[in-house]
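All chains are named by letter (A, B, ...) in the order of the sequence lines, taking the proteins before the strands, and each is independently numbered beginning at 1. Keep in mind it's a predicted model, so treat the numbers as computed, not measured.
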Amino acid sequence: MSTELAKAFDPAAAQQQALDLWGQANAYHADPSDPGQPYSIVIPPPNVTAALHLGHALNNTLQDILTRYHRMLGDNTCWLPGTDHAGIATQTVVEKRVLAEEGKRRTDFARDEFVTKIQAWKDEYEVRITDQLKAMGCSCDWDRQAFTMDPKRARAVREAFYRLFADGLIYRGKRLVNWDPVTQTALADDEVENEEVDGNFYYLRYPLTDGSGHITVATTRPETMLGDTAVAINPKDPRAAALKGKKVLLPIVNREIPIVEDDYVVMPVQFGGDPKDAKAVLATGFLKVTPAHDTNDYEIGQRHNLPVINVFSPTAGISKDHGWPADDFARADEFVTSDLLGQDRFEARTRIVKWFKAKGLHEETKPYRHSVGHSYRSHVPIEPYWSDQWYCRVTDDRLAGAALRAMSPEQREGAAGEPASAGGAHSAPEGHLKFYPARYAKTFQTWHENIRDWCISRQLWWGHRIPVWYFRDDTAVDSKSDEELAALLRRLVILRDTERVALQHAPGAEASGKAIDLQHSFVCVRDESDAEAVELLANLGFVQDPDVLDTWFSSGLWPMSTLEWPDRLAVGLKKSALNVWNPTSVLCTAREIITLWVSRMVMFNLYFLNRLPFRDVFIHAMIQDGHGQKMSKSLGNGVDPMDIIGSHGADAMRFAMAHMATNTQDVRMPVDLVDPHTGQAFTPKYVTDSAGHTVAAPIQESPKDPAKKIVSSYGYASGKAKPTADMPVAKNTSSKFDLGRNFCNKLWNASKFVLSNLESAPVEAADETKWSLVDRWIVSRFNRTVEEVNAAIKDYRFDNYARAAYDFFWRDFCDWYVEAVKPAMKDPARAGQTASVLAALLDGTLRLLHPATPFITEVIWQKLNEVRPVRGLPGRLECPSIGNGQSAVGNDSGLIAQHSGLLIRSPWPAVGSFAEAAEHIFPRVQEVVTAIRNTRNLAQISPKQKVTVSVTAPAEPTRQLSENREIIEFLTASTLSAVGPDVTAPAGAIRTTAAGLDVFVETGQPVASAGADAAVNEKRRAELTKQRDTLRGRLSNESYIAKAPPALVQQTRDQLAQVEAELSRLG
RNA sequence: GGGCCGUUAGCUCAGUUGGCUAGAGCGCCUCCCUUACAAGGAGGAGGUCACAGGUUCGAGCCCUGUACGGCCCACCA
């Protein structure tokens, strides 16, 4: 079998080869009983709504780097993969698809039928996402793949719900919720996005019932006036006294409503309001109060015992059937029935304003720009809606309080002196939660300090059904005899007492003397498979709540549910996956879900297991497009990682991702398009869409063939152009990945060079005493790099990892070491020794890079094992012996990627010793080489023309340069004719300086040299003069001499002396 | 309204506790298809570090303010 590598790196071939090897070996399966420190990560489960984009690629690349790194360190490493059912989001995309393809709405189907359709979508995307992760090289333990709605996770959800319900931390509440009238579900506060909209202030007159005139209210939402139950005025308003006890007759509905005093009301400027407050400027001092349709009005209503009259339907149309009392409705004008009922809220607004105008009750309309909450799913304005919902009492100290106390003390503000635990039933959890970068700790803290109870019910079909049953059917009970009923109740009590169900009384219903008040009970069934309990409840006339749980309820359990919680063995056994890998080591995510997700995981894990779900939270940057906009499906600027893998390769994508994972909160990724005709990338034209976003123009002319049009993926998504069969869709890409592609190609070629040399060179054990300066230098540089990389990964600075590895490999190893040893490799006497260093360095480099670029390193590793199974530099760069299938530590899989269990074969390089002297001396050689090259270039000497070089240098540098004569000559195509203290300028030589030495370059053509000498000298002189002036200026400052550290002052003096000396020698 | 972040080369980003001439990749210019690599090699140009003050012997870095951009929270009269 040939060990020769292909001429250029072929990512697709390498990916296939590596994936096959890993797959055959099931290389990433971990067992809790494996040796090593536990190290675990749970994947932030991607939503099954869509395929992964580059944000996910970044997120998962970083997790995989951590995972592979720790696996190589010998840790018992497990990365748990999975996906999230993403309730609203998934149901919405499927509803859209069904509407587009079948022209049907969700409500045209039975619940089960529609859920099956969503399930099909989920199956499709779960596979696609898994394929994407595998193609990216993610080393997840695929045997443990989870889904937030699969049976094991469902069990965890049930158990968690039951415990919280039984402990009184889940309750039923009638509240105003953020209602999305399109998806017809309640949204959590953080699912509401605020957008500035141009609206109006309408000034409407409400007549007083005593005929003494009217008051004027100002509102942005006239349509809600149908539900007004009061008008409020500030008690400090000078007009308040005269209006005390008066009522107004609400127009259209003819409802008599009181005027109440409430200091929430902003006073207009002329009555003492703050002129800087925009509201005070526009206000009339009279606020219409609509408790059913405004959060603040609801609170005012509570304070004044006002009735709540809901005049909207769930689709936000005017309705009399959702809380408008019939006797009250009967008083309303015919106008309501003829013109308003059934109209949506915006049409109703128009019609009501028109009515007021017609009746002369409209004073004026003023434009007003204000922010309005919109649904993050449907993007329509949120309607505050009065309904029954389930809440999780996260405000309880056992949840939010515990989360706060778990914070790392140095990251928590104002926590000094407070004990880490409040004591009591829950003792202090082990360790603290620490954020990287630390600034995100504040987001977490503020959230919990201002937290409100969490609405966990959603009016959806796709999700975990709320496991609560309530009484619905009188006939079921009435038809039973007292004996039968008593027997059923006894069984219910037994189920409660054996903790199979939990009971709560409805809010407001007093627990009577009876043990159970059926009509006002909520019953939570603990176990999904408890058919007996369900049947019993059905017998008692109970039905299950139709709603499902907020997605984040199941995601919040993720670090537990993926590790088999609440399985008894998992909880009880010391060596269970749960107890070995939870707490997980780090959560790696984007900042947008610190509140949505991180918070809930922390609260749940603390509550159920009394320990953190993870120790570190690493928040990485968000990828934006070239215009600073978030990458998203709806904007159409998303990039599919598979496209990048196609254009650049998976390793290239990963390396570039690591390289851009800096400490900042955003990173921009200008997006180019790939012309499907030519494969060439080009930058699309940009236009502004109706929402003001910059998007690529939908149709591009193909650079290759103007007759052919390309539809960008941007344009397609923004709806500006529909692709047709003859319009190929361009793929998004970005030149940012060129960095990684070039790097991989370089690695491939350098490896090719090393391997071919290893084949031809004699095999020798490394013997340090035979090494040259450059050998000692590169080995020391390698160890220095490993040290830097360790520090970088510890701090989650993946950019520093990539940079350190890049600089070592390309700048030091390729540019200098490989070039410098070429002469030695041609010398049979030295080739063996040099080859042993090359082999060890290639080995070390592959291991150093493997976490970032797993495919290419695996493929090269395989070749290296064939060519040089035994390698390493004792004490300097240890490499394991490999390839014999047997060793002291166990079986050898022969994979650089696999280190599970006893297969610890290619561990992370340990930091070897440094060669300080070599690290000091070799840069001098580099300086001289660079100076000669520089001179050759400036003097325009052809690369093929040999030159003669001489150097004036003191004894020590002379010795060092002489020792490296061969390298200098080889790297500069020169003959080093003379080095020493007495060397003088040869006639016609170009003079330059390097490392404080005089360097003379003879071209053999004195006439040409004369002009070149002037050019080189002039440039060098200019540089030195500038330096000299800077240094002189510093030293002429007396304060500097007096106050700066003496060592620094001395250093400045030494530098000045050297610069001046060089300058004088240049003449 | 409250808070967080950013502004460094044409573009995308580094720049440690303040201290040598502020760096990298891409792009640009010159030369080179040298037997690992043109996805490459050698060399080069390009920055008053957003602006205004302040602290300091010394500020890209620390403090105050301003402008612009982004994000989070609160608020829909």
Nucleotide of [options] approaching [X] most closely (side-chain heavy atoms):
X	options	answer
A:Q624	B:A39, B:G70, B:C32	B:G70
A:A218	B:A77, B:A36, B:A39	B:A77
A:R933	B:A36, B:G44, B:A42	B:A42
A:K944	B:A14, B:A39, B:C33	B:C33
A:A1044	B:A36, B:C71, B:G19	B:G19
A:V266	B:A77, B:C4, B:G41	B:A77
A:R439	B:A36, B:C31, B:C4	B:C4
A:R803	B:C71, B:U21, B:C13	B:C13
A:V265	B:A77, B:A14, B:G3	B:A77
A:R452	B:A14, B:C75, B:G19	B:C75

Determine the Euclidean distance between corresponding [atom1] atoms of [M] and [N]; express it in Å to zero decimal places.
N	M	atom1	answer
B:G53	B:U16	C1'	27 Å
B:C61	B:A50	P	8 Å
B:C5	B:C57	C1'	33 Å

Please step through ring pair (Phe, Tyr, Trp, His ring centres under 6.0 Å) for the pair A:F809 and A:F743, ending with a clear verdict. CA-CA 9 Å; A:F809 169 70; A:F743 182 75; 5.5 Å; yes
For [N], which nucleotide in any strand shown is its Watson-Crick or wobble partner with both distances under 3.5 Å?
N	answer
B:A52	B:U64
B:A59	none
B:A39	none
B:G47	none
B:C4	B:G70
B:G25	B:C11

NA contact type, [X], heavy-atom cut-off 4.0 Å: base, sugar-phosphate, or nothing?
X	result
A:K826	nothing
A:C814	base
A:L739	sugar-phosphate
A:R936	nothing
A:T443	nothing
A:V754	nothing
A:N1037	sugar-phosphate
A:V667	sugar-phosphate
A:Y264	base
A:R797	sugar-phosphate
A:T1052	nothing
A:P384	base

Looking at [X] and [Y], does any basic side-chain N land under 4.0 Å from a carboxylate oxygen?
X	Y	result
A:E1038	A:K1043	no
A:K1026	A:E1023	no
A:R1028	A:E1060	no
A:D807	A:R811	no
A:R591	A:D666	yes

Does [X] place a side-chain N or O at less than 4.0 Å from the phosphate oxygens OP1/OP2 of [N]?
X	N	result
A:K1026	B:U21	no
A:T446	B:C4	no
A:W810	B:G41	yes

Answer with yes or no whether [X] presents, from its side chain, a donor or acceptor under 3.5 Å of a partner atom in the base of [N].
X	N	result
A:E819	B:A42	no
A:Q1027	B:U21	yes
A:K746	B:C37	yes

Could you give the [atom1]-to-[atom2] distance, from [X] to [N], as a whole number of Å?
X	N	atom1	atom2	answer
A:F435	B:C4	CZ	C1'	14 Å
A:W447	B:C72	CH2	P	13 Å
A:N757	B:A36	CG	P	8 Å
A:I856	B:A39	CD1	C1'	12 Å
A:I215	B:A77	CD1	C1'	12 Å
A:W816	B:G41	CH2	P	13 Å
A:R668	B:C13	CZ	C1'	12 Å
A:M657	B:C13	CE	P	13 Å

Consider only side-chain N and O atoms of A:S974 and A:E969, and report whether a donor and an acceptor are under 3.5 Å apart.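 On atom types as modelled, these side chains do not qualify, holding no pair under 3.5 Å.
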Does a donor on one side chain and an acceptor on the other come within less than 3.5 Å for A:Y1040 and A:T1052?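 Side-chain D/A pair, A:Y1040 to A:T1052: present.
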Heavy-atom side-chain contact between A:Y203 and A:T365 under 4.5 Å: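 Of all side-chain heavy-atom pairs linking A:T365 with A:Y203, none is under 4.5 Å.
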